Amino acid sequence: MAIALVDANNFYVSCERVFRPNLEGRPVVVLSNNDGCVVARSAEVKAMGVAMGTPWFQLQKLAKREGIIALSSNYTLYADMSNRMMGILSSFSPIQEVYSIDECFLDLRGFAQDQLSSMGQAAREKVRQWVGLPVGVGIAATKTLAKLANHVAKKMPEYAGVCVWDDLPAGDQQRLLQQLPVSEVWGVGRQWTARLQETGIQTVWDLRHADPALMRKRFSILMERCIRELRGEPCIAMVEIPPPRQEIQSSRSFGHPITSVDELGEAISLYTVRAVDTLRRQGSVAGALRVFIHTSLFQAHLPQYHATRTIALNHPSQDTRVFLQAGRVALADMYRPGFVYAKAGVHLLEITSVDTLQANLFLSAEDNARALQLMTTMDQVNVRFGRGTLQPGVAGLQDPRGWAMKCGNKSPAYTTRWAELARAKLG
């Protein structure tokens, strides 16, 4: 059995470079919502020692001195480029697990051992040629080893972007595992890293040779599985279809402070529309809506206020109008004048499959059918013409909205809007 982990290099930055080749070889960062913190770095920026999550205002001097280019997040572009990349990779295996926006696992059972390296190179070349993204490929007998092999493929030039773990001599495997800190193991976060280091486990090699039963007692069954996976024993199965989300959140910090209840209501309505849209796409219903608003912790000189309200529905629903009404009730109850609000958001709770939904006895069959038809029509229009083409007026008609996030250097929607397609100059 063999599993491949295919991972795009510096994904957000690479997406930007596809349409702006002049950014190749230059230091580039992509910033979080409201252009706040660094969420993606090019290799050139990593070499400067800039850490993920560094606030942009702290990098101003370095950016000016080193010519760092800062771009606002363009999640629509990144999601579309991800879908294209995953579609290409799915042609290499009938079993694919999309693990995150920039990486997926491929089940390569049936491939001969001497075919794996060439298959990995073919996947790299096809993704690069068809969508312009550079990827690394790690191939091993387990997911955990495939992750490590991918790390080796991307960090060590001699592997040319593809590392087949079982093709490495035993001595090379040992040397690599002894060099890699235990924090590089998939699933080993900061807390586990600290606890492992306290017990003398510093490297991946140390963890591989730990007693699985003892480590299960000290940590959990997840640690035991991790150790067995490092030894080449498959313990983590492929997940072809991700399970439905059990909680859906939509929230943003505002581009400028809000004081009026009308602007707060518009923001909460927009977040609700987006959350319920996600709910319908995964074929679920929700039984409650939680709404929160709060001021900025970073403006301690101003009065502080934080509030949360949860509204339970009479009947689980996926009708946007039902949740908008619940949101208005929640906001009316918790809004207080005289405060400067910095963020708001909504959570959909008590999520279950629509297939388990019983008929609402308080609505006629005709009303239920009309509600379903209305939501279906709205979704179809938005799929065809773009998100937000058709939506309730309470979510705001102005675009961009006055309170919207800051995105001072956002790239065009190169792949999802006709008006923003890249143009080539002739002559």
Side-chain angles (χ1 to χ4, degrees), residues 2-17 23-30 38-54 68 85 89 99-106 108 116-125 127-128 132-190 192-193 196-197 201-208 226 229-230 232:
I3 296 174
L5 187 279
V6 187
D7 180 13
N9 303 343
N10 310 319
F11 180 65
Y12 290 176
V13 172
S14 294
C15 289
E16 300 285 354
R17 283 174 167 173
L23 296 179
E24 289 286 351
R26 302 174 67 183
V28 179
V29 296
V30 175
V38 173
V39 294
R41 305 158 294 164
S42 68
E44 296 79 11
V45 174
K46 292 178 182 179
M48 297 175 189
V50 176
M52 284 285 285
T54 303
I68 297 176
M85 182 180 81
L89 294 173
Y99 182 67
S100 68
I101 192 171
D102 65 341
E103 59 185 333
C104 73
F105 291 101
L106 299 174
L108 302 182
L116 296 176
S117 180
S118 59
M119 193 286 303
Q121 289 294 347
R124 291 187 75 235
E125 292 169 6
V127 172
R128 185 67 165 178
L133 296 174
V135 301
V137 182
I139 302 175
T142 69
K143 283 185 169 181
T144 303
L145 281 176
K147 274 274 194 178
L148 286 177
N150 179 275
H151 175 83
V152 172
K154 293 169 66 174
K155 298 296 183 181
M156 300 185 179
E158 60 266 33
Y159 293 100
V162 176
C163 176
V164 181
W165 187 254
D166 287 343
D167 285 352
L168 302 179
D172 288 351
Q173 290 184 2
Q174 178 176 341
R175 175 178 56 82
L176 288 169
L177 294 180
Q178 288 174 337
Q179 290 176 349
L180 291 172
V182 71
S183 59
E184 290 294 340
V185 177
W186 184 37
V188 176
R190 292 182 181 179
W192 272 13
T193 296
L196 287 169
Q197 290 174 343
I201 296 176
Q202 303 290 333
T203 67
V204 180
W205 180 260
D206 297 335
L207 183 60
R208 183 178 186 273
C226 179
E229 287 246 328
L230 288 174

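Sequential numbering from 1 along the given sequence is applied to the chain's residues. The shown structure was predicted, so the numbers you read here are calculated from the model rather than taken from an experiment.
Judged by distance alone, with hydrogens and angles left aside, the side-chain atoms of Arg41 form no donor-acceptor pair with the main-chain N or O of Val29 at under 3.5 Å. Looking only at distances, a side-chain donor or acceptor of Asn150 sits under 3.5 Å from a matching main-chain atom of Gly136.
Just one residue in the list Thr144, Leu196, Thr193 forms a side chain to side chain contact (heavy atoms under 4.5 Å, CB included) with Val185, and that residue is Thr144. Checking Glu229, Glu184, Glu103 one by one against Lys147, the salt bridge (charged side-chain N to carboxylate O under 4.0 Å, His left out) holds for a single residue, Glu103.
When the ring pair (Phe, Tyr, Trp, His ring centres under 6.0 Å) test is applied to Phe11, no partner is found at least two apart in sequence or on another chain. Under the salt bridge (Lys or Arg N to Asp or Glu O under 4.0 Å) criterion, Arg175 pairs with Asp172, not counting sequence neighbours.
Of all non-hydrogen atoms in Cys226 and Leu207, the two that sit nearest each other are SG-CD2, 4.1 Å. Minimum heavy-atom separation, Glu44 to Arg17: OE1-NH2, 3.1 Å. Of all non-hydrogen atoms in Ala4 and Leu108, the two that sit nearest each other are CB-CD1, 3.7 Å. Between Val204 and Pro181, the shortest heavy-atom distance links the atoms CG2-O, 3.5 Å. Nearest heavy atoms, Leu230 versus Leu148: CD2-CD1, 3.6 Å. For the pair Thr54 and Val50, the tightest heavy-atom approach, listed with the atom from each and the gap, is OG1-CG1, 4.2 Å.
Within the model, atoms CD1 of Ile139 and CD1 of Ile3 stand 11.0 Å from one another, a figure rounded to the nearest 0.5 Å. A distance of 13.0 Å separates CE in Met48 from NZ in Lys46, rounded to the nearest 0.5 Å. Separating the OG atom in Ser183 from the CD atom in Gln202 is a distance of 10.0 Å, to the nearest 0.5 Å. Note that CZ of Arg208 and CG of Leu177 are 6.5 Å apart. Values are rounded to the nearest 0.5 Å. Separating the CD atom in Glu24 from the CD atom in Glu16 is a distance of 12.0 Å, to the nearest 0.5 Å. Between the CG atom of Leu180 and the CH2 atom of Trp205 there is a distance of 12.5 Å, given to the nearest 0.5 Å.
Between Leu133 and Asp102 the shortest side-chain heavy-atom distance does not fall below 4.5 Å. Using a 4.5 Å heavy-atom cutoff, the side chains of Thr203 and Asp206 are in contact. Residues Leu89 and Val127 form a side-chain contact, since some pair of their non-hydrogen atoms from C-beta on lies under 4.5 Å apart.
Aromatic ring orientation, Trp186 versus Tyr99: perpendicular (interplanar angle above 60°, classes split at 30° and 60°).
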Let me check something: any side-chain donor-acceptor pairs from residues 151-168 under 3.5 Å, sequence neighbours excluded? List them with distances.
unit_1	atom_1	unit_2	atom_2	d
Lys154	NZ	Asp7	OD2	2.9
Asp167	OD1	Gln113	NE2	2.9

